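Only one structure is covered here, and it is reproduced in the block below.
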Number of protein chains: 2
Amino acid sequence: MLNNLTNHIKKFVELHGIDVELINSVVTVKQVKKKTFLLEPDHICRDLYFVSKGCLRLYFINKKLNEQITQFAIENWWMSDHGSLESGKPSSYFIQAVENSEVISISKPKLEELFEKVPSLERYFRIVQQRAFIASQKRIEYIYSMSDEERYRHFNSLFPDFIQRIPQYMLASYLGFTPQFMSKIRAKKV
Amino acid sequence: MLNNLTNHIKKFVELHGIDVELINSVVTVKQVKKKTFLLEPDHICRDLYFVSKGCLRLYFINKKLNEQITQFAIENWWMSDHGSLESGKPSSYFIQAVENSEVISISKPKLEELFEKVPSLERYFRIVQQRAFIASQKRIEYIYSMSDEERYRHFNSLFPDFIQRIPQYMLASYLGFTPQFMSKIRAKKV
DNA sequence: CGTATTTCTTAATCTTGATTCATTTTTTGA
DNA sequence: TCAAAAAATGAATCAAGATTAAGAAATACG
């Protein structure tokens, strides 16, 4: 649904009818099946993805050849490899659909054009970017102030329904420990 | 130097003479002595700080009653507790000068006003915010893909002159390990 | 359906970096 | 300039979580 995006934007800035049309004219809606890749390593990331329905994950393969998830995006979140997008250099990340999803994508050049035509989008993305930064800082704070076990329990209490949506090994990866350790603490809980 | 700020902004967006005047009319320059606090826990963070000279650190006291540094800011970096600034809730952080520094500060309401009068600042802060987010994500990537020792060596090779400026225990804190462990790997190096 | 693949669990052993406590070195400021 | 405080080092012991290696339980899908 195209409206999901512009409705989200309207929560932060005013949009006129013409703005909505302009935005909708440059984005594309994609239905992506579970396990589909939107980005793979060695490719330059050229798009921003807005999750209108479903769930995406961002991950890379670490030295021990395990998947390391660094981000999830669910409804109303943006997903991209901002590093690659900004620098134009090849990514080392995968972006993959965790569930069958609907994604609204916009290319970087189209977004730049939009900024000229709809200046209030600068503000929208400033605010969205700021929130992402705050969340990211909060995450670093948690990494440095809680043990893995504490962080697992904390995450559980904050996002009880999200953890139902994804396999446990993905949450273990996101939280930075092994599935085995996760089983251990879950067993303890009872 | 007031110019440090506007010169930095000009690297990202165009500013007219009048914009520069508007900006300079709402910011304040402060000379802060080493160890001075710009923010303390239980206070609401009301300002953004631009480091024109010197170095600031952002830290909190963790459960084990140790200082946990989450950010440094040197010349041309912004520093704030964005979480407290945005929510208006009390901070749990300290912002402290690591060296005698010069800081250009702007209050949140004044910044909001500025956004109305100088719209290109929206773009500037969007870009700056985006870079901060990318750096933050990169840091999370490093945390999850390197051992503490690797991260120390990596940080050393990336910022050899920065590590000269700060006490080692602060770097240990920032990297998330103890000063004792840091001594150990430094001793090993020879 | 029923088999193959994916996901989750258990347990034994091993490693990295924390903790504790003592000592040395460096820096600060009266 | 020298005493006090701050910062860095060292070594012994300890703990959280990784690794390895099975096996069990879910889920997907032909």
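Residue numbering restarts at 1 for every chain, and letters A, B, ... go by the order of the sequence lines. Computed from a predicted structure; not experimentally measured.
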Short heteroatom pairs, N/O only, protein and nucleotides 26-30 of chain D, under 3.5 Å:
none

Could [X] and [Y] be called an ion pair, given the rule that one side-chain N must be under 4.0 Å from one carboxylate O?
X	Y	answer
Arg126(B)	Glu122(B)	no
Glu14(B)	Arg123(B)	no
Glu86(A)	Lys138(B)	no

Atom-to-atom span, CD of Glu99(B) to C1' of dT27(C) - whole angstrom: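 Answer to the nearest Å: 15 Å.
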Rounded distance (nearest 0.5 Å) linking atom CD1 of Ile9(A) with atom CG of Asn4(A): 11.0 Å
Asp81(A) CG to Ile134(B) CD1 distance, which is reported to the nearest 0.5 Å: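 Reported value, rounded in 0.5 Å steps: 8.0 Å.
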Gln96(A) side chain vs Lys35(A) backbone, donor-acceptor pair below 3.5 Å: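 Checked: pair present.
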Axis-to-axis angle between the two ends of the helix from dC1(C)-dG30(D) to dA30(C)-dT1(D) (five base pairs per end, rounded to 10 degrees):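 Angle reported: 50°, given to the nearest ten degrees.
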Phe115(B): which of Glu112(B), Glu113(B), Lys117(B) passes side chain to side chain contact (heavy atoms under 4.5 Å, CB included):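 Of the listed residues Glu112(B), Glu113(B), Lys117(B), the side chain to side chain contact (heavy atoms under 4.5 Å, CB included) partner of Phe115(B) is Glu112(B).
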Protein-to-nucleotide contact annotation, 5' to 3' order, nucleotides 4-20 of chain C [B base; S sugar-phosphate only; - none; under 4.0 Å, heavy atom]: ---SSBB------BBBB
Residues, nucleotides or ligands: over 12 heavy atoms within 6.0 Å of Arg151(B) CZ: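 Result for CZ/Arg151(B): enclosed.
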